[in-house]
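Predicted model, so just to flag it, every value in this text is computed and none were measured.
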Number of protein chains: 2
Amino acid sequence: METIEQILESKNIRVTAMRMLIYKFLVEKEVAVTLSDIENAFEKADRTTLYRTIKTFEEKDIVHQIDDGTGITKYALCEKDCNCEIETDLHLHFHCTNCNKTICLTENKIPKITVPDGFISENVNLVVKGICDKCSG
Amino acid sequence: METIEQILESKNIRVTAMRMLIYKFLVEKEVAVTLSDIENAFEKADRTTLYRTIKTFEEKDIVHQIDDGTGITKYALCEKDCNCEIETDLHLHFHCTNCNKTICLTENKIPKITVPDGFISENVNLVVKGICDKCSG
DNA sequence: ATAATAATTGCACTTCCATTGCATTGATTT
DNA sequence: AAATCAATGCAATGGAAGTGCAATTATTAT
């Protein structure tokens with residue numbers, strides 16, 4: 001079992017108290033979070049710090065950004081073996097229009113998408129909107 | 001050949017000079033446009049008017065909104081036989097990271113997406129990012 | 001045709017999220 | 001311990017989306 005310190009260090013992220021707290025927060029959340037969500041969880045910390053922390057995480061590939069169409073960027077921890085940058089590993093996201101939660105459906109891989117001649121596909125983003133399991137039950 | 005007036009009327013949109021101009025602009029563009037694009041094309045008109053016009057078009061289903069992940073909402077005319085609201089008719093969008101253009105690939109329908117039990121899919125948004133035919137050539 | 005009514009447009013303003021500059025604090029290295 | 005570099009906090013900015021209200025224009029009814 002890796003500690004948070006080890007995880008951060010393995011990704012060349014300098015370990016600070018703040019970063020460890022935010023990482024922990026992301027682990028505990030099972031859904032994608034907005035910057036405001038993080039902000040509300042750490043009211044003592046400055047918005048900018050949180051913003052830059054998440055951006056650092058993103059750069060170092062331990063967090064990926066999700067654009068679920070709500071207009072607000074959300075973030076979620078990558079899976080252990082996630083290679084966000086690799087096209088074939090892309091999973092889809094589900095946005096519940098009822099509870100406004102966005103969930104990474106890591107089990108559901110995106111089917112192969114064909115694009116017309118001349119187009120070069122580098123990245124695929126797929127968001128399904130609807131009602132999640134908790135809200136539909 | 002339908003005139004713009006006829007198209008608008010058939011969708012229960014009251015015909016005004018402004019609306020005809022914006023419709024014409026959208027027809028001539030082959031890519032999805034942002035509000036700023038429209039704004040730049042009609043500098044004499046007020047932003048709000050353009051905004052509300054495009055919202056009206058959207059409501060009346062002659063324009064659909066595209067969220068290509070750039071953070072800025074884009075709009076494009078629906079195809080003649082487009083039924084944006086019908087899930088099975090959804091097409092995908094291609095966003096070129098080089099020229100920043102977003103193109104409707106109306107020929108490429110989105111494959112059926114399966115979601116886990118309990119989830120109800122109502123809408124699917126799929127954006128492929130990469131290099132478009134003009135930029136890759 | 002004209003008055004009454006309703007929809008559209010323009011202006012001003014607000015809100016919200018994302019982002020940056022700069023000073024300060026804190027951690028690392030020499 | 002001094003020097004260096006990264007991280008944090010504060011303040012401010014920018015951009016896009018959206019709203020209220022007054023003025024204008026179109027539509028309907030008299």
Side-chain angles (χ1 to χ4, degrees), chain A residues 4-26 32-60 62-76 95 100 102, chain B residues 4-26 32-60 62-76 95 100 102:
Chain A
I4 296 182
E5 281 102 323
Q6 286 168 341
I7 295 170
L8 294 182
E9 274 167 4
S10 74
K11 292 284 187 174
N12 285 313
I13 300 169
R14 289 164 79 143
V15 177
T16 68
M18 199 70 249
R19 285 174 178 173
M20 285 176 60
L21 284 171
I22 295 176
Y23 188 91
K24 194 157 171 290
F25 175 75
L26 292 172
V33 298
T34 65
L35 202 55
S36 308
D37 292 335
I38 304 177
E39 221 181 307
N40 293 334
F42 299 95
E43 298 198 334
K44 281 175 287 186
D46 188 78
R47 185 181 291 177
T48 316
T49 304
L50 304 173
Y51 172 73
R52 286 200 257 238
T53 300
I54 206 83
K55 285 291 168 192
T56 302
F57 284 2
E58 202 190 338
E59 263 170 36
K60 304 289 186 180
I62 62 172
V63 152
H64 64 272
Q65 192 172 331
I66 303 161
D67 182 357
D68 65 7
T70 55
I72 300 155
T73 306
K74 292 184 178 172
Y75 303 90
H95 175 66
N100 199 35
T102 297
Chain B
I4 295 180
E5 280 103 322
Q6 287 169 341
I7 295 170
L8 295 180
E9 275 168 2
S10 73
K11 292 287 187 173
N12 285 316
I13 301 169
R14 289 163 79 144
V15 178
T16 69
M18 198 71 249
R19 284 172 177 175
M20 285 176 61
L21 283 171
I22 295 176
Y23 189 92
K24 195 159 170 288
F25 175 75
L26 292 171
V33 297
T34 65
L35 202 55
S36 307
D37 291 336
I38 305 177
E39 220 180 312
N40 293 334
F42 299 94
E43 297 199 334
K44 281 175 288 187
D46 189 77
R47 239 170 32 81
T48 316
T49 305
L50 303 174
Y51 171 74
R52 286 201 255 238
T53 300
I54 206 83
K55 285 291 168 192
T56 303
F57 283 4
E58 202 188 339
E59 261 170 38
K60 303 291 184 179
I62 61 172
V63 151
H64 64 273
Q65 195 171 330
I66 303 162
D67 182 356
D68 64 7
T70 55
I72 301 157
T73 307
K74 293 186 179 173
Y75 303 91
H95 175 66
N100 200 34
T102 296

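Inter-residue side-chain proximity for Ile62(B) and Tyr23(B) is flagged as met; some heavy-atom pair is nearer than 4.5 Å. Between Thr73(B) and Leu35(B), every side-chain heavy-atom pair lies at or beyond the 4.5 Å cut-off. Two residues are said to be in side-chain contact when any heavy atoms from C-beta on lie closer than 4.5 Å; Phe57(A) and Arg19(A) meet this criterion.
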Report all interatomic pairs (protein N or O, nucleotide N or O of nucleotides 14-19 of chain D) with separations under 3.5 Å.
unit_1, atom_1, unit_2, atom_2, d
dA17(D), OP1, Thr73(B), OG1, 3.2
dG18(D), OP2, Tyr51(B), OH, 2.6
dG18(D), O5', Tyr51(B), OH, 2.9
dG18(D), O6, Arg47(B), NH2, 2.9

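Taking atom CD on Glu5(B) and atom P on dA26(D), their separation rounds to 14 Å, with Å as the unit. Between the CD atom of Glu59(A) and the P atom of dA6(D) there is a distance of 13 Å, given to the nearest Å.
The NZ atom of Lys74(B) sits 10.5 Å away from atom CG of Asp67(B), with the distance rounded to the nearest 0.5 Å.
Chain B approaches DNA chain C within less than 4.0 angstrom (heavy atoms of the protein), and the contacting nucleotides run 5' to 3' from dA7(C) to dA12(C).
For NZ of Lys24(A), the number of neighbouring non-hydrogen atoms (other residues, nucleotides, ligands) closer than 6.0 Å is 12 at most.
Taking every heavy atom of both residues into account, Asp68(B) and Ile72(B) meet most closely at OD1-O, 4.1 Å. The nearest pair of heavy atoms linking Ile38(A) to Ile54(A) is CD1-CD1, 3.8 Å. Counting all heavy atoms, side chain and backbone alike, Thr34(A) lies closest to Asp37(A) at N-OD2, 2.9 Å.
Each of Thr16(A) and Thr49(B) was assigned the nucleotide of DNA chain C with the nearest heavy atom; the assignment lying further toward the 5' end belongs to Thr49(B).
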* **Phe42(A)/Phe25(A) under ring-ring contact (aromatic ring centres under 6.0 Å, His included): CA gap, chis, key distance, verdict** => CA-CA 10 Å; Phe42(A) 299 95; Phe25(A) 175 75; 5.7 Å; yes
* Asked: Can Ile13(B) and Glu59(B) be said to form a side chain to side chain contact (heavy atoms under 4.5 Å, CB included), step by step?
  -> CA-CA 10 Å; Ile13(B) 301 169; Glu59(B) 261 170 38; over 6 Å; no
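Contacts between residues 17-25 of chain B and DNA chain C, defined by a heavy-atom separation under 4.0 Å, are made by Met18(B), Arg19(B).
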